[in-house]
Peer 1: 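There's a structure below that I have some questions on.
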Amino acid sequence: MSQEKLTYLHKEVQAVIDAMAVKEFRTANNKLVAISDELDNLLDTTADENLLVELSKYQVLLNHLQIKLNTAE
């Protein structure tokens, strides 16, 4: 189950990056907000230490992408 969550997060984060690459900043921001909410939920409900480490990596990446979006708009 945890691998499925990570695969899903990877796919969604890539969609944000792809949207940013073609300058669809509104789409990227909307996806980023949805993923962030979902990631927060996963962080709150997960007890698996290894999964928490992987999720925290995505949290850092999403924060970085949010900063990039804010400067690009």
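Along the sequence shown, residues carry numbers from 1.
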Peer 1: Within this structure, what is the CD1-CG distance for the pair Ile35 and Leu42, rounded to the nearest 0.5 Å?
Peer 2: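 Atom-to-atom, Ile35:CD1 and Leu42:CG are 11.5 Å apart.
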
Peer 1: Taking the side chain as everything from C-beta on, heavy atoms only, tell me whether Leu55 gets closer than 4.5 Å to Leu9.
Peer 2: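 The answer is yes; the side chains approach within 4.5 Å.
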
Peer 1: Under the rule for side-chain hydrogen bond (donor to acceptor under 3.5 Å, both in side chains), what residues qualify as partners of Glu54, not counting sequence neighbours?
Peer 2: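 By the side-chain hydrogen bond (donor to acceptor under 3.5 Å, both in side chains) rule, Glu54 matches Lys57.
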
Peer 1: For the CD1 atom of Ile67 and the CG atom of Leu62, what is their distance to the nearest 0.5 Å?
Peer 2: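 If we round to the nearest 0.5 Å, Ile67:CD1 and Leu62:CG are 11.5 Å apart.
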
Peer 1: Nearest 0.5 Å please: distance from the NZ atom of Lys5 over to the CG atom of Leu39.
Peer 2: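 One finds 11.0 Å between NZ of Lys5 and CG of Leu39.
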
Peer 1: Return the CG to NZ distance between Asp18 and Lys11, rounded to the nearest 0.5 Å.
Peer 2: 11.5 Å

Peer 1: Leu65 versus Leu69: any side-chain heavy-atom pair under 4.5 Å?
Peer 2: no

Peer 1: Compute whether any side-chain donor of one residue and acceptor of the other, for Gln59 and Asn63, lie under 3.5 angstrom apart.
Peer 2: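 Gln59 vs Asn63: no donor-acceptor pair found between side chains.
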
Peer 1: So which atom in Phe25 and which in Met20 form the shortest heavy-atom distance, rounded to 0.1 Å?
Peer 2: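 Smallest heavy-atom distance, with atoms named: CE2-O, 3.9 Å.
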
Peer 1: Quick one: closest heavy-atom pair of Tyr58 and Leu6, and the distance?
Peer 2: OH-O, 3.6 Å

Peer 1: Quick check: do Asn70 and Gln66 have side-chain heavy atoms less than 4.5 Å from each other?
Peer 2: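 Asn70 reaches Gln66 side chain to side chain.
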
Peer 1: Are Tyr8 and Leu52 linked, directly or through intermediate hydrophobic residues, by side-chain heavy-atom contacts shorter than 4.5 Å (ILVMFWY only)?
Peer 2: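 Each belongs to a different hydrophobic cluster.
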
Peer 1: Does Thr46 use its side chain to pair, donor to acceptor, with the backbone of Leu43 at less than 3.5 Å?
Peer 2: no

Peer 1: Check whether any side-chain heavy atom of Val53 sits under 4.5 Å from a side-chain heavy atom of Glu49, and report yes or no.
Peer 2: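 Sidechains of Glu49 and Val53: no contact.
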
